[in-house]
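Shown next, in structure tokens, is the structure this report addresses.
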Protein chains: 2
Amino acid sequence: MRRSDEAGTARREEILRRATELFLNEGFAGTSMSALAQACGLQKASLYHHVPSKEALFIACVTEGYNRELAALRAIRDDAALTDDDRLRHAMAELYRITVDSPVGRMSPLIAEVSLRFPEAARAFHDGFISQEHGIVGAIIARGLENGSFAPHDHLGIEHLIFGPVVTLALSRRMFASHPALEETYPVARVRDSHTAMVLQLLRAGTAMPDGG
Amino acid sequence: MRRSDEAGTARREEILRRATELFLNEGFAGTSMSALAQACGLQKASLYHHVPSKEALFIACVTEGYNRELAALRAIRDDAALTDDDRLRHAMAELYRITVDSPVGRMSPLIAEVSLRFPEAARAFHDGFISQEHGIVGAIIARGLENGSFAPHDHLGIEHLIFGPVVTLALSRRMFASHPALEETYPVARVRDSHTAMVLQLLRAGTAMPDGG
DNA sequence: GTCTATATTTCGATAGAC
DNA sequence: GTCTATCGAAATATAGAC
């Protein structure tokens, strides 16, 4: 890739970074190009030299953010030195880190905001990120099942049981960031550890399967 | 309460209803007072006869929506004719209905959007709705624990394990409403039944408690 | 209580100098 | 590649007739 390509310049990367920050804090419609220009120390017109439109900017923020996060998750999936239990533990810890801390992981409410107006953003987020995450965790569980570490279970139910609390915790912490008891009510480490232990308990014991899941 | 009080008129109720619909579909910043006026068959200026501002309108939409939903949940909590297992099953079914179908249950992404700009909306949503829901479900579980139907467990973990998948399912269904495989990937009834069965399995078996939860 | 008309601001985006 | 200046549209909200 040439140095002057669309995705390459340092200025553009800074714009994407600042824009992601603003979108996460103010929403899509609540983020103005003027505010973004100010955050970048530029005039508004200069932004349009780097980005064709606000919508294209948003799509770029979504699609260029998740590759690094997924790489870390894939590395855990492929780590042959771990036991099946520990591999899932590590993956869930990584899921919590991604979903609570990373920009792309915190983007779900944003996607919900814009999904009706440009479904392509939602589609990119689902295919490039959510569905990848589910696939990686699914592979980790399938491996444990083949090895006999985990008992037969309802795949769909376990999948939602793994991802549900993580996403909701991140959403709650964002919604109620100003709540005085935030850390007591929504503590990341305690929820993560308890959640992980219960998922492993279910996987080892097996769960009822409604209809051949 | 007098008939001409602020909360009473039919027109105001219609405005709140239409506004909730628009907010849910377009977000807060994405919903204009003009569009709302058009949806109500009014001129924009007439709206301001019923509502002092867009922000106050939003707060009203949030705070005046959840009482009926919570009443249904409280009725299940107080139903003495149910077994402890069935009481929790009914409550979780109601949680799914509220979170996926009802306007107030689908408001979480909206709260996330505006929470930094007017925290009072987030506060009202948390204190009047979320924390009420958690309290009701917590009481149902505590009753089962007293009766010996459920074994000792980590309260915080179970709480997040109950609410997490419901909220995330509703959020996913909204984000990916245009996804062709929506019903296969995010099916309400299957996730709900599997989720409920696993929660009951954990409650009956008991779970490890990190530090005296 | 609803209307027409408008004040005022801000929005996304563009033109053209340098 | 960044700037000043501005366009046209749309935003929230208000004034005042009826």
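In what follows, every chain begins at residue 1, and chains take the letters A, B, ... in the order their sequences are listed. Any value given below was found using the heavy atoms of this structure, including those in side chains, with hydrogens, waters and symmetry copies removed.
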Worksheet item: When the distance from CD of B:Gln38 to C1' of D:dA11 is rounded to whole Å, what number comes out?
Response: 15 Å
Worksheet entry | Electrostatic pair B:Arg123-B:Glu120, nearest N-O below 4.0 angstrom | no
Worksheet item: Where along residues 16-33 of chain B does a heavy atom come under 4.0 Å from DNA chain D, residue by residue in number order?
Response: B:Thr31, B:Ser32, B:Met33
Practice prompt. Return yes if some donor-acceptor pair links the side-chain N/O of B:Gln132 with the main-chain N/O of B:Asp127 below 3.5 Å, else return no.
Written response: yes
Worksheet item: Has A:Ser34 got a side-chain N or O lying under 4.0 Å from the OP1 or OP2 atom of C:dC11?
Response: yes
Practice prompt. Look at atom NE2 of A:His90 and say whether more than 12 heavy atoms of other residues, nucleotides or ligands are closer to it than 6.0 Å.
Written response: no
Worksheet item: Once you round it to whole Å, what is the distance between P of D:dT12 and CZ of B:Phe58?
Response: 14 Å
Worksheet item: Step by step, would you call A:Ile158 with B:Met198 a side chain to side chain contact (heavy atoms under 4.5 Å, CB included)?
Response: CA-CA 9 Å; A:Ile158 286 283; B:Met198 290 189 289; 3.9 Å; yes
Worksheet entry | Charged N-O contact under 4.0 Å between A:Arg97 and A:Glu94 | yes
Discussion item. I need the CG-P distance between B:Leu42 and C:dT4, as an integer number of Å.
Written reply: 11 Å
Discussion item. How many whole angstroms separate atom CD1 of A:Ile15 from atom P of C:dG12?
Written reply: 15 Å
Worksheet item: Starting at CG of A:Leu47 and ending at C1' of D:dC3, how long is that distance when rounded to a whole Å?
Response: 13 Å
Practice prompt. Output, in order, the C-alpha distance, side-chain angles, deciding distance and verdict of side chain to side chain contact (heavy atoms under 4.5 Å, CB included) for B:Phe23 and B:Leu57.
Written response: CA-CA 11 Å; B:Phe23 283 143; B:Leu57 167 64; 4.3 Å; yes
Discussion item. In this structure, how many angstroms lie between the P atom of C:dT10 and the NZ atom of A:Lys54, rounded?
Written reply: 15 Å
Worksheet item: Side chain of B:Thr99, backbone of B:Ala170: donor and acceptor closer than 3.5 Å?
Response: no
Practice prompt. Starting at atom CZ of A:Arg117, determine the distance to atom P of D:dA10, rounded to an integer number of angstrom.
Written response: 14 Å
Worksheet item: Among all residues two or more places apart in sequence or in another chain, which pass the side chain to side chain contact (heavy atoms under 4.5 Å, CB included) test with A:Glu55?
Response: A:Phe28, A:Ser53, A:Phe118
Fill in: Pair A:Glu133-A:Tyr66, side chain to side chain contact (heavy atoms under 4.5 Å, CB included): steps then yes or no
CA-CA 10 Å; A:Glu133 276 187 324; A:Tyr66 44 61; over 6 Å; no
Fill in: Separation of C:dA13 C1' from A:His49 NE2 (nearest whole Å)
16 Å
With the criterion being N/O to N/O and under 3.5 Å, what pairs connect the protein with nucleotides 14-18 of chain C, and how long is each?
none

Worksheet entry | Residue A:Thr9, side-chain heavy atoms: nucleotide from D:dC3, D:dA13, D:dG1 that is nearest | D:dG1
